[in-house]
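The analysis underlying the following values was restricted to heavy atoms, covering all of them including side chains, and did not include hydrogens, waters or symmetry mates.
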Amino acid sequence: MKRTPALAALLLAMSASAAAHHGWSEYDANRPQQLTGTIEESGYRQPHGYVRLKTPDKTWLVVLAPPSRMENRGLARAMLAVGGTVTVVGYPNRTKPAELRAERITVGDKVTELR
């Protein structure tokens with residue numbers, strides 16, 4: 001089978017994308033946590049959105065769903081504005097003590113399931 005430069009570039013791009021995306025096994029689903037705090041920073045980009053959430057004891061990096069899923073479920077970018085208060089329920093990272101993967105986020109009266 002003859003490989004073309006275009007095929008090689010496509011395979012390289014796919015492997016880079018897969019390497020950038022992490023698996024969920026690095027989060028401990030046996031230790032759900034609920035955090036409430038103030039958004040210090042937010043990102044609404046691929047592969048996952050995020051918020052830096054200031055709680056009374058520390059600042060967390062909270063990994064959210066992909067932007068397309070958040071939009072489809074009614075969680076617009078503007079709802080994750082810096083200074084806003086949110087509550088997240090999720091699972092802590094096994095090796096990064098200040099990182100949480102969110103299963104749901106509550107902004108005001110709106111609860112959004114992220115899974």
Distance, nearest 0.5 Å, that separates [atom1] of [X] from [atom2] of [Y]:
| X | Y | atom1 | atom2 | result |
| --- | --- | --- | --- | --- |
| Arg31 | Arg94 | CZ | CZ | 8.5 Å |
| Arg101 | Asp28 | CZ | CG | 10.5 Å |
| Thr38 | Leu53 | OG1 | CG | 7.0 Å |
| Thr59 | Glu40 | OG1 | CD | 4.0 Å |
| Met79 | Thr106 | CE | OG1 | 9.5 Å |

In the structure I gave you, are the side-chain heavy atoms of [X] and [Y] within less than 4.5 Å of one another anywhere?
| X | Y | result |
| --- | --- | --- |
| Tyr27 | Val63 | yes |
| Arg104 | Val111 | yes |
| Thr87 | Gln34 | yes |
| Met70 | Leu114 | yes |
| Leu64 | Leu80 | yes |

By salt bridge (charged side-chain N to carboxylate O under 4.0 Å, His left out), which residues pair with Arg73, not counting sequence neighbours? none
So, using salt bridge (charged side-chain N to carboxylate O under 4.0 Å, His left out) as the criterion, who are the partners of Glu71 when residues are at least two apart?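 Result, salt bridge (charged side-chain N to carboxylate O under 4.0 Å, His left out) vs Glu71: none returned.
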Which heavy atom of Gly49 sits nearest to which heavy atom of Pro67, and what is that distance? N-CD, 4.3 Å
Mind listing the closest non-hydrogen atom pair of Glu41 and Tyr50 along with its distance?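 So the minimum-distance heavy-atom pair works out to OE2-OH, 2.6 Å.
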Within the distance-only criterion (no hydrogens, no angle test), does the side chain of Lys96 pair as donor or acceptor with the backbone N or O of Leu61 below 3.5 angstrom? no
